[in-house]
Amino acid sequence: MLIKYLTLVLLGLTLSTQFGVQGADETETINYRLPDSINPVHYDLYLHPDIETGNFTGQVLIQVTTVTAITEIVLHSNNLEISNVYLSNTNNPTVFVKNYSLDSVREFLVIELSEELAAGLTFRVGILFGGSMAGKIVGLYSSSYTKADKSKKVIATSKFEPTYARQAFPCFDEPAKKATFTVTLVTPSEGDYHALSNMDILNDSYQGKYTEVYFNKSVPMSTYLSCFIISDFTYKSADIETNDIGVPFTLRVFATPEQIDKVDFALEVGKGVMEFYIQYFQIEYPLPKMDMIAIPDFVSGAMEHWGLVTYRETALLYDENTSSSANRQSVAQVIAHEFSHMWFGNLVTMQWWNDLWLNEGFARYMENKGINAVYPEWLMLDQFIVARLHDVLVLDATLGSHPIVQTVESPAQITEIFDLITYGKGASIIRMLEDFIGADNFQKAVSNYLDEFKFKNAVTDDFLNEVQKLITDIDVKSILQTWTVQMGFPVVNVEQLSTTQYRLTQKRFFSNPNDYSSEVDESPYNYTWSIPITILVNDLPVQREWFLHNSTYLDINLDTPAQWIKFNTDQVGLYRVNYPDELWKNLANELLSDPLTFSRGDRAHLLNDAFSLADATQLSYDIALDLTKYLVKEQDYIPWRVVVTKLLTLKNALMYSETYINFKQYARQLITPIYEELGWELGEDHLENRFRAMVLNAACSLGVEACLQDAAVHFQAWLANPTVRPHPDLRETVYYYGMMTVGDESSWDAMYELFLAEEDATERLKLMNGLAAVQVPWILSAYITLGWSEDVVRGQDYFNFLIYIASNPVGEPLVWEFVREQWPTLVARFGINERTLGNLIPSITARFDTQTKLEDMEFFFAKYPEAGAGAAARVRAQETVKNNIEWLKNNDKVIANWLEKNLS
């Protein structure tokens, strides 16, 4: 049956390969910035997205003010057909548009004037334009879904961040060029279509076949925050109470009529989080409404358009029949993240993309506070350590990292920095800042900053100035600069000088020991940091000291000898800590004696630091592995998440070594007791269900026979009666490890048919991942080919699809070969400046660990040197493979020796 699906897909792939193209090279001399000679004040935008044809037309009248005398007007336009450009209200009838031209490299529309206009003038620029919504997923574009009667319904929607508003209408598409908007959208009069934008509707006008919908004037905002949607979606609503901070307003959640019953959870989260933020920030929400909408085709997880937040369906819709506890938490996190942007990003916007972390770092951190206010039992502030911080520490310990504040110019460079450093490291530094200045001071500084710069733009110093006004005893700006302008982070090495005295020194931490001898970018602080040191000793309160960047060492003096000492309480500081072996053993003994001596955050921290230091050869692997002996007493999800992550990493690293058999035996001994305790029966507790799902997945991955057998039984029972599905929290384990264990062509075909018929986006991803687990190479190869069709895998899911297959050791070489052979085709379809395309490479190659594979990658990069928004991703990919090679050299035998001594 599988063969019948392939012919048309292969034909389409062949044709697109023939027409694959590469973009033009960028050079460092190109200035991508708009001139400062003119600023927009107001946009009157009339936009007609034609649902039937997939094209759009429009007219924009932009009120502008000259800052200096001008002879030309330069604004953005990309992939638009400009049919007319004119001026009005210039107070000088002799001035007109002499000529206009498009600069495709800089994405400029250059309007040449007949004579000079003086500074300080206000007038309007009129532009008639048109474009296509077809075959793309940014700018103004078409999306579609299947109705209950199986007919196809097409909608028009938009996604503009960071530089795609210029694909929908000519505009000054830079964040500092804020202006107000008055928008008119044209919708079909039939088909239940309606229009949505940032503001509420003023009125509409029936024009026969079409209806014009007029929106109220917006507040000042950046172009990337504007949004236009024409759909037949329905909604549910709730009232937002503001407790006298501004005016109460309505929250609405939109989805296709067929999925409207899946928005109740989003409405609950949205209401709770929005009301929390209004009180926390003490700044009113300035718009008259707040809408959320689930879009069938969406390139990101979500986008914070002001007053109209757009989401991928999997990021907004929740159905208890198909969505797991992890899905539930993810939906809440995305909503809380985007709602935080209504203040951080929308109300106060970074001056330029260099300071993107002011948007994304704050949103990534505040999302945890928002959810914690609604669901405190989820322990989101503790989960931050394992869900956000630990990933940051992995990337930031390589040469492939970058500073949080980084100069970017081109659209490719801008889109590239929407990454783990900007989001996760930014959030981690904000968490550290809040800890050392105090929660009350932090909240007050945030509120003052938002009030001072509302409807304006800001840079990093502007926020730090507001903090500094409240904190007089330390130089907050100087401290934070050591973290924002240089990449990386330190390891603090502890030396015991006496029974009561300890000396701390610092050094940049690299995961690859060879990186210490590599050439690195210069740093204004020579890769030293001002570190907030927290100290936990015995049962005493937490002590605090400062290890400033210009100090060679810091001495810590205790009043009495310590039974044990631990630095960096709850891993709030962005640094690792390495102790002498004896002090590590003291901590390990205390864990064995009573794990609850330490908080869950401290237990997770000790495990994470120990293994990371051992990986980097800065600590004996014996000590790191000895720490795991206490796990027989560990009952908490958060420390276990560190261990599970490490076990699965070690499994991948040792897979082709002689140590692998003994390692799997050790890993199974470690995981089996908690696996047997948690079992397959679900309860009501959110974190316990997350814990259970994680342990089941890990146990099956590590080859625990009982787990694999249970997965196979559940899998076969489901295929025999597909209407009775496993519990959502068990589903990914059943689908994946059932297919891995007993999957053959017949069961794969049956599951594939269910995948094609599935309409729930969350369930489709689970089935897609399960199909990738089959151990038959030719089936996986056929699956790769099938996935090229939009009818099988939507473009938004395509890279996840390839990553799922590459995560299977059988599929990894197949995907790598496909990407190498089809690279021009992938670029032609998705664009060289699509960062998710660039990020595909490090995902596929993450387990490569030989010089041959490294050279294979380097040959591929040499063959296709233009990386676009994937330039940094290529560096990360190479760093990871180099690290893998070194890791095996340094650690394989050490681990093997420990396993021989400790296996029972």
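Partners of Phe830 by ring pair (Phe, Tyr, Trp, His ring centres under 6.0 Å), not counting sequence neighbours, listed by chain and number: Tyr798, Phe799. When the ring pair (Phe, Tyr, Trp, His ring centres under 6.0 Å) test is applied to Phe453, the partners found at least two apart in sequence or on another chain are Tyr449. Partners of Asp264 under the side-chain hydrogen bond (donor to acceptor under 3.5 Å, both in side chains) rule, at least two apart in sequence or in another chain, are Lys236. Here Asp200 pairs with nothing under the salt bridge (Lys or Arg N to Asp or Glu O under 4.0 Å) rule; sequence neighbours left out. Residues satisfying the side chain to side chain contact (heavy atoms under 4.5 Å, CB included) test with Thr211, not counting sequence neighbours, are Thr187, Ser189, Asp204, Tyr206, Val213.
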Set out, in order, the CA-CA distance, both residues' side-chain angles and the distance that settles side-chain contact (heavy atoms from CB on, under 4.5 Å) for His686 and Tyr375, then state yes or no. CA-CA 10 Å; His686 172 80; Tyr375 305 108; over 6 Å; no
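Using a distance-only test at 3.5 Å, with no hydrogens or angles considered, no donor-acceptor pair links the side chain of Ser222 to the main chain of Leu225. No donor-acceptor pair under 3.5 Å is formed between the side chain of Glu313 and the backbone N or O of Ala761. No donor-acceptor distance shorter than 3.5 angstrom exists from the side chain of Arg166 to the backbone of Phe172, with no hydrogens or angles considered.
Heavy atoms from other residues, nucleotides or ligands lying under 6.0 Å from CG of Asn203 number more than 12.
In summary, the aromatic rings of Trp353 and Tyr224 are positioned with their centroids under 6.0 Å apart. For Trp718 and Tyr735, the ring centers are positioned less than 6.0 Å apart.
Pairs engaging residues 302-329 under the ring-ring contact (aromatic ring centres under 6.0 Å, His included) rule: Phe265-Tyr318 [sequence neighbours left out].
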